Peer 1: 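I have a structure here, written as structure tokens, and I will follow up with some questions on it.
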Amino acid sequence: KTAAALSVFRDDFSDSSRPRVFALDCEMVLCRPKDLAPSSTPGKSTLARVSLVECKSYGTRERKIEFTTVLDVYTQIGKDLEVVDYLTYVSGIEKHHLERDDCLTFLEAQKKVLENVDEKDIILGHSLWSDFSALQVWHENFIDTAFFFTLKHFPTLCLSLKDLVVEAHERSGGSNEGIEDFQKLGDAHDSVADAKHTADVVFRLLEANLFGQGKAFPVELVNLPDRLLARISINNIASGITDEQLREAFFEMKYLRDLEAKKKLPGDMEKSIILRPIKWKLRKDGKTVGSTYIDFPSREIATNVFRNLPAAKTGCGGSNRSGPCFHEGWPGRNSFMHKLLYFDCHEPTDSEGFESVQPAKKKRIENAPTCETICYGINASGNLKKTITVNRSKSSTVFGPYGRRLLMIQQCTGTRIIMKHLGKLTNFHIDGSTKEKIDNAEALIRKGSNGEFNFIT
């Protein structure tokens with residue numbers, strides 16, 4: 001169906017018998033029922049704005065696109081719901097938008113879309129499953145640009161629309177003129193602009209002859225987009241830590257304060273460094289943990305921030321009896337550097353808000369786990385390798401419950417270790433950047449096989 005829909009773009013849209021082509025984009029806010037306690041349930045994505053743009057293309061050699069905005073409306077929030085997050089940083093939605101006199105009800109907005117789009121027509125969009133879900137509709141003839149590309153080491157990662165716009169411009173031989181300000185770092189999205197750019201991606205990639213018989217689809221990309229190389233993600237954030245506390249801790253880092261003082265940031269810190277709100281989820285063990293990420297102006301700044309983060313003195317493998325996390329971090333299976341740190345959210349003893357060890361006499365979040373940070377801008381592939389062989393009967397002693405003992409060894413030594421069974425033996429393949437790291441990992445594997453890490457249960 002995607003191939004058939006794409007073929008339409010090669011024809012003259014002035015032919016009235018051809019299916020019409022629309023680009024759809026919706027913006028959502030998070031809501032929950034009013035009769036539920038504030039902390040009892042997370043917000044659910046709810047439609048707040050819907051934009052539908054008709055796209056027409058003429059000619060085959062010189063591309064010409066004509067856009068007509070068919071629908072662009074804000075929607076009312078049901079009386080039984082309350083907004084818990086307007087997601088303004090990405091949606092652009094603010095409270096006053098949903099209190100306008102011309103806001104439509106959900107059913108009115110849904111009806112408007114269905115009235116304009118015929119069964120044979122084609123809908124374009126990016127991550128359309130989200131838009132269809134918000135509208136509670138389904139349309140079979142669609143093209144979702146989220147499926148055009150995959151990343152070699154991140155098969156489940158969906159590229160952003162901004163990533164696709166840049167990729168499409170480069171592949172079609174076009175300049176970056178006019179796209180620098182599209183979804184600029186720190187700016188909210190505009191659903192009409194997003195819809196138009198989605199259509200432009202399709203036209204440009206057709207121009208570049210990306211799609212066709214015998215060509216692999218989706219297209220696999222080897223290199224990460226620049227935006228990800230300048231990002232640090234933070235996972236396993238303890239319940240009770242707020243966005244403000246996390247922002248304060250990072251923004252008070254000496255390295256960043258020095259950059260700001262020397263005017264080496266593109267603007268003030270609040271606009272140059274974007275910390276996304278923490279997203280919380282309930283784990284299977286009943287604990288609530290959060291995750292977020294920080295976008296920096298450049299890869300260099302992101303990697304230097306990561307290197308300046310103090311590694312946790314314990315907590316490796318999820319145990320407070322472990323040794324310290326290696327100060328540089330450890331390479332994950334995806335070849336990016338990971339690092340554990342404690343976030344002191346009560347009484348910071350240093351100006352940077354981080355603690356490298358849990359103080360015994362300070363009031364903290366009870367049993368606060370370490371945060372795990374990931375820096376995508378550091379290629380962590382080691383140039384030294386070694387294989388350690390142990391009796392298979394002892395491999396589970398090294399591996400530990402859910403692999404936590406082996407993870408502890410990697411976190412403490414700054415190495416990546418892959419375990420493979422071979423008959424009655426088990427090979428531990430160690431990947432590290434120095435001989436010292438390799439030797440330390442080997443020593444801990446030997447200790448693990450002798451049962452010395454049974455405290456990790």
Side-chain angles (χ1 to χ4, degrees), residues 27 29 85-97 159-167 169-170 174-194 196-197 223-234 237 241-279 290-310 336-337 339 341 343 348 350-354 371 373-378:
E27 301 295 348
V29 296
D85 192 343
Y86 287 93
L87 302 175
T88 306
Y89 71 96
V90 64
S91 71
I93 304 291
E94 297 180 1
K95 183 179 180 181
H96 67 88
H97 288 128
L159 293 180
S160 72
L161 179 57
K162 177 63 177 283
D163 296 332
L164 293 185
V165 168
V166 174
E167 187 72 24
H169 272 252
E170 291 177 352
S175 69
N176 287 336
E177 184 179 355
I179 68 170
E180 295 91 343
D181 293 331
F182 172 62
Q183 291 189 357
K184 195 173 181 180
L185 184 64
D187 289 350
H189 296 189
D190 179 278
S191 51
V192 172
D194 287 0
K196 291 179 179 179
H197 277 283
N223 298 321
L224 282 176
D226 290 341
R227 70 176 179 91
L228 288 181
L229 295 175
R231 173 176 293 181
I232 291 177
S233 65
I234 312 168
I237 301 171
I241 294 177
T242 66
D243 294 330
E244 291 73 20
Q245 290 168 330
L246 199 59
R247 177 180 291 106
E248 186 176 319
F250 272 91
F251 284 22
E252 287 299 313
M253 290 183 69
K254 183 177 184 301
Y255 168 71
L256 289 178
R257 292 203 310 270
D258 289 345
L259 285 183
E260 186 178 40
K262 296 176 183 177
K263 298 184 177 180
K264 291 187 176 181
L265 294 176
D268 62 65
M269 197 177 298
E270 289 287 344
K271 293 182 178 180
S272 301
I273 301 170
I274 308 301
L275 172 63
R276 302 302 182 185
I278 300 173
K279 290 185 177 180
S291 62
T292 185
Y293 60 87
I294 306 177
D295 286 323
F296 294 90
S298 69
R299 178 180 185 174
E300 179 185 6
I301 293 177
T303 55
N304 284 334
V305 166
F306 182 83
R307 291 187 176 109
N308 277 276
L309 291 174
F336 300 116
M337 289 301 292
K339 185 185 288 188
L341 65 143
F343 176 71
D350 60 277
S351 60
E352 299 189 2
F354 294 106
C371 299
T373 57
I374 305 174
C375 181
Y376 302 99
I378 301 177

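We count residues from 1, following the sequence as given. Bear in mind the structure is a predicted one, so any value in this text is a computation, not a measurement.
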Peer 1: Do S272 side-chain atoms and G267 backbone N/O form a donor-acceptor pair below 3.5 Å?
Peer 2: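 Pair found, side chain donor or acceptor close to backbone of G267.
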Peer 1: Could you walk me through whether I301 and L259 satisfy the side-chain contact (heavy atoms from CB on, under 4.5 Å) test, starting with their C-alpha distance in whole Å, then the side-chain angles of each, then the deciding distance to 0.1 Å, before giving a yes or no?
Peer 2: CA-CA 9 Å; I301 293 177; L259 285 183; 4.0 Å; yes
Peer 1: Okay, side chain of H197, backbone of D194: is any donor-acceptor separation there less than 3.5 Å?
Peer 2: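 No.
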Peer 1: Under the side-chain contact (heavy atoms from CB on, under 4.5 Å) criterion, do I232 and I374 qualify, and how do the steps go?
Peer 2: CA-CA 6 Å; I232 291 177; I374 305 174; over 6 Å; no
Peer 1: Donor-acceptor pair, distance only, cut-off 3.5 Å: does the side chain of K339 make one with the backbone of F306?
Peer 2: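 Yes: the side chain of K339 pairs with the backbone of F306.
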Peer 1: Side-chain contact, heavy-atom cut-off 4.5 Å: F336 with C375?
Peer 2: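 No, every pair of side-chain atoms sits at 4.5 Å or beyond.
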Peer 1: Should L229 and N223 count as side-chain neighbours, where that means a heavy-atom distance under 4.5 Å?
Peer 2: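 No; the side chains remain at least 4.5 Å from each other.
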Peer 1: Heavy-atom distance under 4.5 Å between the side chains of T292 and S233, does that happen here?
Peer 2: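 Of all side-chain heavy-atom pairs linking S233 with T292, none is under 4.5 Å.
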Peer 1: Could you tell me whether the side chains of N308 and Y255 share a donor-acceptor contact shorter than 3.5 Å?
Peer 2: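 The criterion, which ignores hydrogens and geometry beyond distance, is not satisfied for Y255 and N308.
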Peer 1: Is there a side-chain contact between I273 and P297 in this structure, where contact means two heavy atoms from C-beta onward sitting under 4.5 Å apart?
Peer 2: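 A side-chain contact under 4.5 Å exists here.
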Peer 1: So, for Y376 and L228, which heavy atoms are closest and what is the spacing to 0.1 Å?
Peer 2: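 Closest pair (atom of Y376, atom of L228, distance): CB-O, 3.1 Å.
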Peer 1: Taking all non-hydrogen atoms of both residues into account, name the closest pair between L159 and L164 and its distance.
Peer 2: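 Nearest heavy atoms, L159 then L164: CD1-CD2, 4.1 Å.
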Peer 1: Between the side chain of Q245 and the main-chain N/O of T242, is any donor-acceptor distance below 3.5 Å?
Peer 2: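 Flag set: sc Q245 to bb T242 pair under 3.5 Å.
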Peer 1: Closest approach of A302 and R231, non-hydrogen atoms and distance?
Peer 2: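 Nearest pair, atom of A302 first, then R231: CB-N, 4.1 Å.
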Peer 1: Checking R276 against Y293: charged group under 6.0 Å from the ring centre and within 45 degrees of the axis?
Peer 2: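 R276 over Y293 ring: no.
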Peer 1: Taking the side chain as everything from C-beta on, heavy atoms only, tell me whether E252 gets closer than 4.5 Å to R257.
Peer 2: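 Yes, their side chains come closer than 4.5 Å.
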Peer 1: With heavy-atom distances below 4.5 Å as the criterion, would you say the side chains of F250 and L309 are in contact?
Peer 2: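 Side chain of F250 against side chain of L309, heavy atoms only: contact under 4.5 Å found.
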Peer 1: Would you kindly say whether D163 and S160 are connected by a side-chain donor-acceptor distance under 3.5 Å?
Peer 2: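 Indeed, the side chains of D163 and S160 share at least one donor-acceptor pair under 3.5 Å.
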Peer 1: When you check the gap from the basic side-chain N to the acidic O, do D258 and K262 get nearer than 4.0 Å?
Peer 2: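 Not counted as a salt bridge, because no side-chain N and carboxylate O are separated by less than 4.0 Å.
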Peer 1: Roughly how far, to the nearest 0.5 Å, is NE2 of H97 from CD of E27?
Peer 2: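 E27 atom CD to H97 atom NE2 measures 11.0 Å (nearest 0.5 Å).
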Peer 1: Which heavy atom in I278 sits nearest to a heavy atom in I241, and how many Å separate them?
Peer 2: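 Closest approach of I278 to I241: CD1-O, 3.8 Å.
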Peer 1: Which heavy atom in E94 sits nearest to a heavy atom in T88, and how many Å separate them?
Peer 2: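 Closest approach of E94 to T88, heavy atoms only: CG-CG2, 3.8 Å.
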Peer 1: Between E270 and R247, is there a side-chain heavy-atom distance shorter than 4.5 Å?
Peer 2: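 R247 vs E270: side chains touch.
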Peer 1: Around atom CG of D226, are there more than 12 heavy atoms from other residues, nucleotides or ligands closer than 6.0 Å?
Peer 2: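 Counting other residues, nucleotides and ligands, CG of D226 stays at 12 neighbours or fewer.
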Peer 1: Kindly compute the distance separating CZ (F251) from CG (L275), expressed to the nearest 0.5 Å.
Peer 2: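 These two atoms lie 6.5 Å from each other.
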Peer 1: For a side-chain contact (heavy atoms from CB on, under 4.5 Å) check, start with the C-alpha distance between D295 and R227, then their side-chain angles and the critical distance, and finish with the verdict.
Peer 2: CA-CA 7 Å; D295 286 323; R227 70 176 179 91; 5.5 Å; no
Peer 1: Of all heavy-atom pairs between I234 and C371, which one has the smallest distance, and what is that distance?
Peer 2: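 Where I234 meets C371 most closely, the heavy atoms are CG2-CB, 4.0 Å.
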Peer 1: Less than 4.5 Å apart, any side-chain heavy atom of I93 and any of L87?
Peer 2: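 I93 does not reach L87 side chain to side chain.
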